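Just below is one structure, and these are the notes that go with it.
Just so it is clear: chains get the letters A, B, ... in the order the sequence lines come, proteins before strands, and each one is counted from 1. Remember, it's a predicted structure, so these values are computed and weren't measured experimentally.
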2 protein chains.
Amino acid sequence: MTTHRAASPSLIDVARAAGVSTATAGRALGGYGQVRAGTRERVLAAAAELGYRTNGLARSMITGSTQTIGVVVTDVANPFFATALRGVTDVVQPAGFEVLLANTGSAVEAERRAITVMSEKRVDGVIVAAAQPSQGAHLKHAIDLGVPIVLLDRQVAGVADADSVTIDNEQAAADAVAHLLELGHRRIGVVTEAGDRLAGLRGAGNRRKGLFPSAVRLRGYLRAIGAAGLEIDEGLIGSARYDRDSAYDATIRLLARDDPPTAILCTDNVLASGAFRAAQDRGLRMPDQLSLVGFDDEPWTTLVRPELTIVEQPTYDLGTRAGRRLLDRITGARDGRTVHVQLQAKLLVRGSTGAPAAR
Amino acid sequence: MTTHRAASPSLIDVARAAGVSTATAGRALGGYGQVRAGTRERVLAAAAELGYRTNGLARSMITGSTQTIGVVVTDVANPFFATALRGVTDVVQPAGFEVLLANTGSAVEAERRAITVMSEKRVDGVIVAAAQPSQGAHLKHAIDLGVPIVLLDRQVAGVADADSVTIDNEQAAADAVAHLLELGHRRIGVVTEAGDRLAGLRGAGNRRKGLFPSAVRLRGYLRAIGAAGLEIDEGLIGSARYDRDSAYDATIRLLARDDPPTAILCTDNVLASGAFRAAQDRGLRMPDQLSLVGFDDEPWTTLVRPELTIVEQPTYDLGTRAGRRLLDRITGARDGRTVHVQLQAKLLVRGSTGAPAAR
DNA sequence: CTGAAAGCGCTTACAG
DNA sequence: CTGAAAGCGCTTACAG
């Protein structure tokens, strides 16, 4: 029973059916301006009768607002971004905004395209977790065109006028190392994605912009080790790619040293899972023979034995704060001042960390 | 150095600067129609000079296409939907479509609003993981208005004209039970969200529509038990809410029976994590004293000891298939026939299942 | 409170 | 290949 589908009725059709002008029909349907109650009812009845729905494109073209924000992430399937995204939607949807989502797969070119398209679709603003924090020219360009941008999780080099909501990753990693130092560890290893950035991080520079969170965490590790008066031993810095197997290998290498670390910090949840497996396969008792610290409170960290000590990031809040900040930019007080929110992570001490075994 | 920002330049401005008509400027910029190479260059130069960007709203209003699809899920933070969503974006973005995302929190009212707004924004189609598979009136309404819909993960009652892409959950659960039966188990328990649907499932009905995946899985369990000639023992059906603690409690209750199950199937990944913890806390050796089967290949399932036997759902593919199907509906062969794709899950046998201990 | 008219920024026939 | 004109479906001053 496929009925012939007429073109979607427009305001003109509704107005005609209700015997009013399109201006009046628009006022009744759009909830703006003044309309007599009786008139409104007649219009609404006609609209319902015809199956009318507002054309949001036409409305947006006139009002200059789409009630839509863009969200650009590197990987929605990553629980970190999925959770932050949930935070964004939970704040933004009740305020009457929709979310246009783009996944970049960490490719700057894809990010550039996404920003362009979103800008052409006239989103009211964009939240972006940059693919490459060192490359922000296209973001600056968008800002110059009048698109408000809030950076999520990564500060980007060369983008002065964007707000940002990030986690204090340097302090988070330093806290974890401090915990291990306090337990008496002196040879503390790290499994990290940012091993290749080591030279730059050891320099005097203290910029946050342009660095991936993993690099900032590595700097926190270096800082804490240095603050304790210990030498930085590059042999304790295990480089890995962003996957479990690579972290597994890096951990095995660290443990194979003549003088292996008694504790290891992993700068990420995925890396931690690889390190945990490596410790398991090596038959090391945790925490006696090896203490381990990871990032993110994922389900597995409390299912394994011992439970994993972790740095808990306020991931959901990261999203809500970014959403709220963007809404403020769009609607309310456009005081113009650029805001950089930095949230604190929390060390959750569990069974995988303890004093090193006496030797 | 805040320069005064002029209103975004329009095609008229570009045309004037290039000394051509708006029609020609539009053709040069939009890549449609015929334009002489020299003319095109002049127009592009003028556009670049002025910082012109196409107004997608105006374009969409005329062309009747927004190159945007809606995706409606209950919870983006759930790894299942996050992964499926990634599948959708990976298919749809390269084809030139953007994704408008809505999170419903399983509330039908939120879903209704999301569909309405998306429809008003004139998305070209919508993929929806229904909040309540039993309630589909608003979806049917949208379809009648001309919005193509592809159902994801859940068939919905009363929505005849929507395509669907789902997983064969009944077969998946039945396979898991068959595996346990083959190992020699006779008292097989189940921890499920759908315990309250039991009466309806035991009836003769064989509809898939209107049921949550958990309910379909429970039916698979019932079918497999019945097919083996065993009695359904309602005492072996542990009801839980959708959280780890509730599953933990349900498992503890099952294990406290005089005649406890020797194996347990969990109809979901979250429930499985609770059941695993319960088995751990009870000090039960797996698989000897208890065999356990879960759903979804989450990281934790290979980090715990023993590793968990699971039913692996093709979650990412669920998204890619739904995306592709919707694109087909929108662009290509609108043959009109409604398509129901059902993907098969795969049992991954690992250490948590084995023959029951002799007693 | 209501309406006639203008206009948002494009694309699309239609002529040339 | 190019342009003048119409039109997509709304909202917004402006009058009354």
Side-chain angles (χ1 to χ4, degrees), chain A residues 6-44 46-47 50-68 116-117 119-124 145-146, chain B residues 6-44 46-47 50-68 116-117 119-124 145-146:
Chain A
S8 196
S10 75
L11 202 51
I12 298 182
D13 303 313
V14 176
R16 190 174 301 143
V20 298
S21 69
T22 60
T24 296
R27 286 188 270 252
L29 256 20
Y32 54 87
Q34 306 293 325
V35 198
R36 204 178 355 148
T39 311
R40 170 178 300 114
E41 274 162 35
R42 246 184 315 140
V43 172
L44 294 183
L50 294 172
Y52 171 79
R53 49 184 177 144
T54 300
N55 185 317
L57 300 170
R59 170 178 289 173
S60 289
M61 200 155 65
I62 293 178
T63 62
S65 147
T66 53
Q67 297 292 104
T68 301
T116 300
V117 173
S119 160
E120 292 184 349
K121 288 190 188 304
R122 296 302 196 264
V123 295
D124 297 329
L145 254 39
Chain B
S8 196
S10 76
L11 201 52
I12 298 182
D13 303 314
V14 176
R16 189 175 301 145
V20 298
S21 70
T22 60
T24 297
R27 286 188 271 251
L29 256 21
Y32 53 88
Q34 307 292 324
V35 198
R36 206 182 349 151
T39 311
R40 171 181 298 114
E41 275 162 35
R42 246 183 316 138
V43 172
L44 293 183
L50 295 173
Y52 172 79
R53 48 183 176 144
T54 301
N55 185 317
L57 299 170
R59 171 177 290 172
S60 289
M61 201 155 66
I62 292 178
T63 62
S65 147
T66 53
Q67 297 291 102
T68 302
T116 299
V117 173
S119 160
E120 291 185 349
K121 287 189 187 306
R122 296 302 196 263
V123 295
D124 296 330
L145 253 38

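- The CZ-P distance, from B:Arg42 to D:dC1, rounds to 14 Å in whole Å.
- When distances run from any side-chain atom of B:Val20 to the nucleotides D:dC1, D:dT11, D:dG3, the shortest one goes to D:dG3.
- Base pairing of D:dC14 is made with C:dG3, judged by Watson-Crick or G-U wobble geometry with both donor-acceptor distances under 3.5 Å.
- Looking at heavy-atom distances under 4.0 Å, A:Ser60 makes no contact with the nucleic acid at all.
- Of all the residues in residues 24-31 of chain B, B:Thr24, B:Arg27 reach under 4.0 Å from DNA chain D with at least one non-hydrogen atom.
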Practice problem: Would you check, one step at a time, whether the test side chain to side chain contact (heavy atoms under 4.5 Å, CB included) holds for B:Arg59 with B:Asn55? | Solution: CA-CA 6 Å; B:Arg59 171 177 290 172; B:Asn55 185 317; over 6 Å; no
Self-check item: Base versus backbone protein contacts along nucleotides 5-10 of chain C [heavy-atom cut-off under 4.0 Å; B, S, -]
Solution: --BBBB
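- Residues A:Lys121 and B:Thr68 form a side-chain contact, since some pair of their non-hydrogen atoms from C-beta on lies under 4.5 Å apart.
- Taking atom CZ of residue A:Arg36 and atom C1' of nucleotide C:dC1, one finds them 7 Å apart after rounding to whole Å.
- For the atom pair CZ (B:Arg40) and OG1 (B:Thr24), the distance works out to 11.0 Å, reported to the nearest 0.5 Å.
- Side chains of B:Met61 and B:Leu57 form no contact here, defined as non-hydrogen atoms less than 4.5 Å apart.
- The two atoms that bring B:Leu29 and B:Ala47 nearest to each other are CD1-CB, 4.0 Å, heavy atoms only.
- Of the inter-residue distances, the one linking A:Tyr52 atom OH with A:Ser8 atom OG reads 8.5 Å to the nearest 0.5 angstrom.
- Following rounding to the nearest Å, A:Arg40 (CZ) and C:dT2 (C1') show an atom-to-atom distance of 13 Å.
- One finds the CZ atom of A:Arg122 at 11.5 Å from the OG atom of B:Ser60 (value rounded to the nearest 0.5 Å).
- One distance of note links OG1 of A:Thr22 with CG of A:Asp13; it measures 11.0 Å at 0.5 Å rounding.
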